[in-house]
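Atom set for the values below is all heavy atoms of this structure, side chains included, hydrogens, waters and symmetry mates excluded. First listed ligand is number 1; within each ligand, the first listed atom is number 1.
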Amino acid sequence: MQISNFPVLQMHKSQTAMRASQKDFESAVNQMKLLTKDPGNEMKLKLYALYKQATEGPCNMPKPGMLDLISKAKWDAWSALGSLPKETAKQNYVELVSSLSSSASSSQGKPDADSKQPGYETLVVTSENGITKIMLNRPTKKNAITTQMYQEIMLALEAAAKDDSAITVLTGNGDYYCSGNDLNNFTDIPPGGVEEKAKNSAILLRDFVGCFIDFPKPLIAVVNGPAVGISVTLLGLFDIVYASDRATFHTPFSHLGQSPEGCSSYMFPKIMGSAKAAEMLIFGKKLTAREACAQGLVTEVFPDSTFQKEVWTRLKAYSKLPPNAMRISKQLIRNVEKEKLHAINSEESSVLQGRWLSDECTNAIMNFLSRKAKL
Ligand SMILES: CCCCC/C=C/CC(=O)SCCNC(=O)CCNC(=O)[C@H](O)C(C)(C)COP(=O)(O)OP(=O)(O)OC[C@H]1O[C@@H](n2cnc3c(N)ncnc32)[C@H](O)[C@@H]1OP(=O)(O)O
């Protein structure tokens, strides 16, 4: 095999002016270890040959026997590089790895058109590489959750529970993860009046949170930006919470004349201790991602600039673990408290039903809707 059989090497022959440093080379070698998608045998042979040429120079090993197919393919690939200088081989290796990593990262978070599931108006739901991703998709409204969106999230979770993916991810599109309940939900009053509205909302809330309590597979929150209200309280029911360092966590329930939901009245004190939980749930203290991590609400914080790349690399690796083992482990952890969580969810929903009818709550919502108040 001649060097001309490797178009990618031909392409870079003219670029020898740009030399890769030893550090670039070593970091490309490390980068290869992080690739989660198999680049295929042909590419692996090219990389092998360049690595050998870069580290040992031209191939002077004896040719392996005809029956030792793998060693012979590797020997052929290396020999084909002839007397290519070590420095050029290093450069070509670095560029080849970089092209592989950028094509992998450009597909992260950006689903194939084919994998996008139809039927959702407020979400983008995709399933690929063993991961079902549910993305809140109202970026211009900071992903505030409308009544339709609550229903679509429940449908998406129900479908994800049954599909063949190993893990499920919830994330947001745009600069926010989610700004919580859409406050306009309270303006659509049915013929039965505000009491009926409050009752229906409490039922919807109870069923919605119930789906998170019962979700049978590992559930991961990829918190891409600020999170408010119910999108924060629900985090206590996730198995992993990864956050960008741009994310904040805010539950301004008292400011809104409301009270905690999402089982946070139980989960938050359990996770962070009652004093820290009270500061968030009663006094509406907003936490940075690092504070939320220190208090156990967040699993790990990543720099925003590398957030998507690092998180999806990690999740792709996790999605290859045996799915039944993950499911069984999750259920062992969850089943201990499932009944208790459902009871807490019912109680929180019923208390909120009363709060929604209070003057404190009505005034706070009116203030927001008339743009007098923001968080
Ligand atoms: C079935 C019922 C279940 C109920 C469960 C109960 C849950 C409790 C909660 O979730 S409480 C939390 C409720 N959320 C809020 O109070 C947040 C309100 N929003 C804000 O304070 C701000 O919008 C902000 C701080 C999130 C972002 O401020 P910023 O200045 O960056 O951006 P804008 O305010 O201009 O927002 C852009 C547009 O998005 C609309 N919007 C944002 N959040 C909400 C929301 N929660 N509800 C309704 N609309 C929201 C905002 O009005 C802007 O719209 P516009 O461009 O048309 O003006």
Test of understanding: given a 4.0 Å heavy-atom threshold, classify the contact between [X] and ligand 1 as side chain, backbone, both, or neither.
X: F208; result: neither
X: N181; result: both
X: N185; result: neither
X: A144; result: side chain

Under 4.0 Å between a side-chain nitrogen and a carboxylate oxygen: does that hold for [X] and [Y]?
X: K23; Y: E26; answer: no
X: K330; Y: D239; answer: yes
X: K133; Y: E128; answer: no

Next item on the list: Using the six-membered ring wherever Trp is involved, compare the ring planes of F186 and W356 and label them parallel, tilted or perpendicular (cut-offs 30° and 60°).
Entry: tilted
Notebook entry, point to check: Should the pair F238 and F212 be assigned to parallel (<30°), tilted (30 to 60°) or perpendicular (>60°) ring geometry?
Noted result: tilted
Show the atoms of ligand 1 that are less than 4.0 angstrom away from any heavy atom in [X].
X: Y150; result: 1 (C), 3 (C), 4 (C), 5 (C)
X: N184; result: 48 (C)
X: L256; result: 11 (S), 12 (C), 13 (C), 16 (O)
X: S179; result: 13 (C), 14 (N), 15 (C), 17 (C), 26 (C), 42 (C), 43 (N), 44 (C), 45 (C), 46 (N)
X: Y176; result: 24 (C), 25 (C), 26 (C), 27 (C)
X: L204; result: 1 (C)
X: G180; result: 10 (O)
X: S201; result: 1 (C)

Checklist line | Close approach, T140 and ligand 1, non-hydrogen under 4.0 angstrom | finding: yes
Notebook entry, point to check: Would you call W356 a ligand 1 contact, heavy-atom distance under 4.0 Å?
Noted result: yes
Margin query: Between T122 and Q148, does the side chain to side chain donor-acceptor pair (under 3.5 Å) criterion hold? Intermediate values first, please.
Written below: CA-CA 8 Å; T122 62; Q148 179 185 5; 5.4 Å; no
Quick one: nearest non-hydrogen protein atom to [atom], plus distance?
atom: atom 54 (O) of ligand 1; answer: K141 NZ, 3.4 Å
atom: atom 19 (N) of ligand 1; answer: F368 CE1, 3.4 Å
atom: atom 48 (C) of ligand 1; answer: D182 OD1, 3.2 Å

Notebook entry, point to check: Would one find an N or O of I230, backbone or side chain, under 3.5 Å from an N or O of ligand 1?
Noted result: yes
Notebook entry, point to check: Any N or O of E261 that comes nearer than 3.5 Å to an N or O of ligand 1?
Noted result: no
Notebook entry, point to check: Hey, does the side chain of R206 reach the backbone of S350 with a donor-acceptor pair shorter than 3.5 angstrom?
Noted result: no
Item checked: Flag if over 12 foreign heavy atoms under 6.0 Å of CZ, F208 -> yes
Item checked: Residue pair S21 / D24, side-chain donor-acceptor N/O under 3.5 Å -> yes
Next item on the list: Please step through side chain to side chain contact (heavy atoms under 4.5 Å, CB included) for the pair F307 and V222, ending with a clear verdict.
Entry: CA-CA 9 Å; F307 179 60; V222 170; 3.6 Å; yes
Item checked: Test side chain to side chain contact (heavy atoms under 4.5 Å, CB included) applied to K142 and D175, step by step -> CA-CA 7 Å; K142 311 292 183 194; D175 61 341; 3.2 Å; yes
